Visitor: 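Take a look at the following structure, please.
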Amino acid sequence: MIINYNNKRFSPVENTENGETTAETIFIYKQKENILTSIYNGGQVLSGHLIGLVDENGNIEMRYHQVNKKGELMTGICHSKPELLPNGKIRLYEDWKWTSGDKSSGKSILEEI
């Protein structure tokens with residue numbers, strides 16, 4: 001399955017309690033070759049960026065940083081695994097870990113909007 005994330009928009013539909021993204025957070029993905037970037041904001045996130053690498057199966061290995069409504073700079077790592085839904089949209093299953101703050105980890109699900 002070859003997936004190109006360029007110009008696709010995603011929003012979380014699930015996240016663990018220690019995460020900062022919510023349904024109000026919108027991610028705008030850009031992809032050039034196997035390099036993925038995104039800007040995102042909404043909900044608890046005032047401004048966020050991510051950069052990642054996409055493998056041949058559409059899996060994404062990424063790093064992110066964001067400023068939350070408390071004025072904190074938060075950083076983390078994330079691995080996303082795609083699922084192609086019957087309607088042609090993409091669902092991403094994510095395992096992530098903060099590299100700042102309490103360094104806890106969590107899971108989230110994003111869906112293409």
Side-chain angles (χ1 to χ4, degrees):
M1 161 174 64
I2 302 218
I3 294 180
N4 188 314
Y5 295 99
N6 196 45
N7 292 322
K8 295 192 182 296
R9 297 175 349 128
F10 292 86
S11 181
V13 294
E14 284 183 32
N15 200 357
T16 46
E17 194 175 308
N18 57 331
E20 292 187 341
T21 61
T22 63
E24 292 80 34
T25 311
I26 305 297
F27 293 79
I28 302 169
Y29 281 23
K30 299 289 184 185
Q31 183 177 345
K32 186 172 183 181
E33 296 176 2
N34 69 326
I35 299 172
L36 178 80
T37 59
S38 175
I39 58 169
Y40 59 97
N41 63 34
Q44 294 301 307
V45 179
L46 294 177
S47 180
H49 302 92
L50 67 81
I51 188 164
L53 295 173
V54 180
D55 72 14
E56 63 277 357
N57 297 312
N59 297 308
I60 308 165
E61 190 66 38
M62 69 178 82
R63 307 291 180 265
Y64 58 89
H65 58 256
Q66 61 200 39
V67 175
N68 62 27
K69 283 190 171 179
K70 299 177 197 169
E72 300 167 320
L73 175 62
M74 301 296 291
T75 62
I77 59 175
C78 181
H79 178 78
S80 296
K81 183 176 181 172
E83 174 190 7
L84 198 54
L85 300 174
N87 64 5
K89 301 280 188 179
I90 301 167
R91 178 181 291 153
L92 294 170
Y93 295 91
E94 302 191 318
D95 290 300
W96 52 264
K97 179 175 175 43
W98 292 114
T99 55
S100 64
D102 65 7
K103 297 191 167 57
S104 61
S105 57
K107 294 182 179 295
S108 55
I109 299 175
L110 272 61
E111 287 189 359
E112 184 180 349
I113 54 175

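Note that this is a predicted model, so its numbers are computed, not measured. These values consider heavy atoms only, across backbone and side chains, with no hydrogens, waters or symmetry-generated copies.
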Visitor: Which pairs count as side chain to side chain donor-acceptor pair (under 3.5 Å) when at least one residue sits in residues 26-38, sequence neighbours excluded?
Guide: Asn7-Lys30
Visitor: Is a side-chain N or O of Glu112 found less than 3.5 angstrom from the main chain of Ile90, in a donor-acceptor match?
Guide: yes
Visitor: Cluster question for you: counting only ILVMFWY and a side-chain heavy-atom cut-off of under 4.5 Å, with indirect links fine, are Leu53 and Leu50 together?
Guide: no
Visitor: Without hydrogens or angle criteria, can the side chains of Asn68 and Gln44 be said to hold a donor-acceptor pair below 3.5 Å?
Guide: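 Not at all, the side chains of Asn68 and Gln44 share no donor-acceptor pair under 3.5 Å.
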Visitor: Can you tell me how far the OH atom of Tyr64 sits from the CE atom of Met74, to the nearest 0.5 Å?
Guide: 7.5 Å
Visitor: Do other residues, nucleotides or ligands put more than 12 heavy atoms under 6.0 Å from the CG atom of Leu85?
Guide: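 Yes, because the 6.0 Å sphere around CG of Leu85 holds more than 12 heavy atoms from other groups.
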Visitor: Determine which pairs satisfy side chain to side chain donor-acceptor pair (under 3.5 Å) with at least one residue from residues 10-19, sequence neighbours left out, and list them in order.
Guide: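 Passing the test, one end in residues 10-19: Asn15-Thr21, Asn15-Trp96, Thr16-Asn18, Asn18-Ser104.
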Visitor: Just by modelled atom types, is the Gly106 backbone N or O under 3.5 Å from a matching donor or acceptor in the Lys97 side chain?
Guide: no
Visitor: Is the shortest side-chain heavy-atom distance between Met62 and Ile51 below 4.5 Å?
Guide: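 Met62 does not reach Ile51 side chain to side chain.
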Visitor: Drop me the distance from Ser100's OG to Leu73's CG, to the nearest 0.5 angstrom.
Guide: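 So the gap between those two atoms works out to 6.5 Å.
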Visitor: Counting only N and O atoms by type, is there a donor-acceptor contact under 3.5 Å from the side chain of Thr25 to the main-chain atoms of Gly42?
Guide: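 It does hold such a pair.
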Visitor: How many angstroms lie between OG1 in Thr75 and NZ in Lys103, if you round to the nearest 0.5 Å?
Guide: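 So the OG1 of Thr75 and the NZ of Lys103 are separated by 7.5 Å.
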Visitor: Between Glu83, Lys107, Lys81, which is the residue that forms a side-chain hydrogen bond (donor to acceptor under 3.5 Å, both in side chains) with Tyr93?
Guide: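 Of the listed residues Glu83, Lys107, Lys81, the side-chain hydrogen bond (donor to acceptor under 3.5 Å, both in side chains) partner of Tyr93 is Glu83.
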Visitor: Would Phe27 and Phe10 count as a close aromatic pair, with their ring centres under 6.0 Å?
Guide: no
Visitor: Restricting to non-hydrogen atoms, name the atom on Gln66 and the atom on Trp98 that form the minimum distance, rounded to 0.1 Å.
Guide: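 Of all heavy-atom pairs spanning Gln66 and Trp98, the closest is NE2-CH2, 3.4 Å.
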Visitor: Give the minimum heavy-atom separation between Asn4 and Asn6, together with the two atoms involved.
Guide: OD1-N, 2.7 Å
Visitor: Please determine whether side-chain contact (heavy atoms from CB on, under 4.5 Å) holds for the pair Ile109 and Arg91, giving the CA-CA distance in whole Å, both sets of side-chain angles, and the decisive distance to 0.1 Å.
Guide: CA-CA 7 Å; Ile109 299 175; Arg91 178 181 291 153; 3.5 Å; yes
Visitor: Hey, are the side chains of Leu46 and Lys69 touching, using non-hydrogen atoms and a 4.5 Å cut-off?
Guide: yes
Visitor: As an exercise, state the distance from CG of Leu92 to OG of Ser108, rounded to the nearest 0.5 Å.
Guide: 9.0 Å
Visitor: Report yes or no: do Ile3 and Leu84 belong to one cluster of Ile/Leu/Val/Met/Phe/Trp/Tyr joined by side chain heavy-atom distances under 4.5 Å?
Guide: yes
Visitor: Taking the side chain as C-beta and beyond, is there a heavy-atom pair between Pro82 and Asn59 under 4.5 Å?
Guide: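 Counting from C-beta outward, Pro82 and Asn59 do come under 4.5 Å.
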Visitor: For Ile77, what are the other residues in its hydrophobic cluster, where any two members join if their side-chain heavy atoms are less than 4.5 angstrom apart?
Guide: none
Visitor: Do side-chain atoms of Tyr5 reach the backbone of Gly58 as a donor and acceptor pair under 3.5 angstrom?
Guide: yes
Visitor: Would you compute the distance between atom NZ of Lys89 and atom CD of Glu111 and round it to the nearest 0.5 angstrom?
Guide: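 With rounding to 0.5 Å, NZ (Lys89) is 10.5 Å from CD (Glu111).
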Visitor: So Ile28 and Tyr40, do their side chains get closer than 4.5 Å, heavy atoms only?
Guide: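 Not touching, per the 4.5 Å side-chain cut-off.
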Visitor: Hey, could you give me the CD1/SG distance between Ile60 and Cys78, rounded to the nearest 0.5 Å?
Guide: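 Going from the CD1 atom of Ile60 to the SG atom of Cys78 covers 8.0 Å.
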